[in-house]
Q: 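Got a structure here, written out as structure tokens. Questions coming.
As the structure lists them, so they are numbered: ligands from 1, and atoms in each ligand from 1.
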Amino acid sequence: MQDETKLQQVTSKFAVGVTRQIKSSLDKPGIAKQFVPTEQELISKPSELHDPIGDHTYSPIKGIIHRYPDRCLLHPVKVCAVYCRFCFRRETVGKQNTSLTADELENCYEYIRNHPEIWEVILSGGDPLVLSPAKLQQIISKLDQIEHVAVIRLHTRVPIVDSKRINLDLLAVLKQRKPVYMALHMNHPDEFTEPAIAAISQLADAGVVLIGQTVLLRGVNDSTEILGKLFRKMVQHRIKPYYLHHLDRAEGTSHFRTSIETGQKIMAELRGSYSGLCLPEYVLDIPGGAGKSPIGPCYLSKKSSIYEVTNYQGKQFTYNDSD
Ligand SMILES: *Cc1c(COP(=O)(O)O)cnc(C)c1O
Ligand code: SF4
């Protein structure tokens, strides 16, 4: 049994919430563990940070995070449809309803217009799909009109956790001149419920390019079998697994953290037994804001111009790069 007063401390510290749809799947441990608060969240480690990936440092104006030259994040809202217990932005997301005002949004468009190197704009979290289709239409069409913005990407959980929001109005909004990519945050095969599958299929049919984003979580998906099943389901439903994130060091999340060694071992095992389509890139967001780096198992080592390359069975081969 969990201690009620401790749980109250958790809920006063971090946002808690699920949709009706997720509530009806809480009997599945792979889902419950992601959303039901526990007193373990009160455990803080010295290595945990308020701003684990340095969002603040790279925010030139309210609503924009511009870490990499060719792409920036735009955060129109700071709320989500559900609150993941391991959220990397838990210090800022769900704290209050801080949607950008019309003026603030205008400043964001102005910033993007003034930075011709921005080739892609990523609407991120908060979850942009909690906005009404009309509001989203306003934002996306503004971005669509900026000449140098070639690609629009949305990061979201909504199609999986509140599938009914994927309706005809929303699908119409996602049909722009420019390609719209959508990264679906999914961590466990049990998230492929019937309504989620229907929403995914509508999005894919509407021409939205779907990619999958997964966080490696101890006790939820830290096994080759579970992740293999998840990535296969993604591919079967036209979602290309994109990133497997090593868990960021947000406060009160240590009970979800695995070692990098575990992650690498899983990736190496997946490489052997699963289609290449099922393999995401395993990445670490370097604490402080230096960006994401691939941290998957390395198959290559070098002796003068001779490389040693390891195949998926762990066998070593040499490759001469000089002639
Ligand atoms: C993760 C992230 C991106 C997207 O990076 P990709 O490698 O292109 O997926 C962009 N901007 C910021 C600030 C990010 O944290
Ligand atoms: S959907 Fe993303 S931003 Fe929202 S609570 Fe989950 S991890 Fe955090």
Side-chain angles (χ1 to χ4, degrees), residues 14-19 22 31 33-37 41 51-61 63-95 97-98 111-112 115 117-131 149-162 181-188 191 209 211-217 220 240-248 250-253 256 280-295:
F14 305 114
V16 176
V18 293
T19 54
I22 286 295
I31 294 187
K33 283 182 191 167
Q34 295 186 55
F35 301 112
V36 178
E41 293 175 47
D51 182 14
I53 66 169
D55 282 342
H56 190 70
T57 320
Y58 288 89
S59 181
I61 59 165
I64 297 263
I65 303 176
H66 194 185
R67 191 190 325 277
Y68 303 106
D70 79 333
R71 55 212 191 275
C72 71
L73 301 188
L74 170 57
H75 289 180
V77 281
K78 285 284 194 183
V79 292
C80 294
V82 286
Y83 289 101
C84 314
R85 303 325 306 156
F86 45 85
C87 174
F88 65 129
R89 294 208 171 101
R90 60 191 329 201
E91 302 287 341
T92 53
V93 160
K95 292 283 174 181
N97 193 346
T98 46
Y111 179 88
I112 296 167
H115 287 78
E117 72 276 20
I118 297 177
W119 171 85
E120 178 184 21
V121 177
I122 304 168
L123 298 178
S124 172
D127 195 317
L129 289 196
V130 302
L131 292 170
V149 174
V151 172
I152 298 164
R153 189 190 331 172
L154 295 95
H155 280 236
T156 180
R157 274 260 204 194
V158 163
I160 313 304
V161 302
D162 199 5
Y181 279 65
M182 188 177 280
L184 297 174
H185 176 179
M186 300 185 81
N187 302 322
H188 195 279
E191 290 171 52
V209 185
I211 59 176
Q213 196 190 11
T214 300
V215 183
L216 180 60
L217 297 166
V220 175
K240 171 69 187 90
Y242 175 55
Y243 278 156
L244 174 65
H245 293 272
H246 191 69
L247 184 66
D248 292 316
E251 203 183 327
T253 59
F256 285 117
E281 183 139 55
Y282 180 33
V283 292
L284 171 74
D285 233 308
I286 300 169
K292 293 177 187 67
S293 287
I295 54 164

Q: Cut-off 3.5 Å, side chains only: do Gln213 and His155 have a donor facing an acceptor?
A: yes
Q: Out of all atoms in ligand 1, which are within 4.0 Å of some heavy atom of Ile65? Include the element for each.
A: 13 (C)
Q: Can you list the atoms of ligand 2 that are under 4.0 Å from a heavy atom of Val82?
A: 5 (S)
Q: Starting at CG of Asn187, measure out to CG of Leu217 and round the result to the nearest 0.5 Å.
A: 5.0 Å
Q: My understanding is that we take every heavy atom of each candidate and find the minimum distance to atom 12 (C) of ligand 1. Doing that for Leu73, Asp55, Ile64, which one comes out nearest?
A: Leu73
Q: Closer than 4.0 Å to some heavy atom of Cys84 - which atoms of ligand 2 meet that?
A: 1 (S), 5 (S), 6 (Fe), 7 (S)
Q: Do any of the N, O or S atoms of Cys87 sit under 2.8 Å from atom 8 (Fe) of ligand 2?
A: yes
Q: Report, in ascending order of atom number, the atoms of ligand 2 lying under 4.0 Å from any heavy atom of Arg157.
A: 1 (S)
Q: Can a salt bridge be assigned to the pair Asp162 and Arg157 using a cut-off of 4.0 Å between side-chain N and carboxylate O?
A: no
Q: Could you identify the single nearest non-hydrogen protein atom to atom 4 (C) of ligand 1 and state the distance to 0.1 Å?
A: Ile122 CD1, 3.7 Å
Q: Please list the nearest protein heavy atom to atom 3 (S) of ligand 2 with its residue and the distance rounded to 0.1 Å.
A: Cys80 SG, 3.6 Å
Q: Taking only heavy atoms of His185, which atoms of ligand 2 are found under 4.0 Å from at least one of them?
A: 7 (S)
Q: With heavy atoms of Tyr242 as the reference, note each atom of ligand 1 found under 4.0 Å away.
A: 6 (P), 7 (O), 8 (O), 9 (O)
Q: Classify the contact between Tyr58 and ligand 1 as side chain, backbone, both or neither, using a heavy-atom distance cut-off of under 4.0 Å.
A: neither
Q: Taking Val215 as the fixed residue, which of Phe88, Tyr243, Phe86, Phe256 is the one that meets the side chain to side chain contact (heavy atoms under 4.5 Å, CB included) rule?
A: Phe86
Q: Among Arg71, His155, Lys292, His245, which one has a heavy atom closest to atom 8 (O) of ligand 1?
A: Arg71
Q: I want to confirm something. Looking only at heavy atoms, which of Tyr68, Tyr181, Tyr243 is nearest to atom 7 (O) of ligand 1?
A: Tyr243
Q: Which class fits the ring pair Tyr111 and His115: parallel under 30°, tilted 30 to 60°, perpendicular over 60°?
A: parallel
Q: Tell me the contacting part of Arg153 for ligand 1: side chain, backbone, both, or neither, using a 4.0 Å heavy-atom threshold, strictly below.
A: side chain
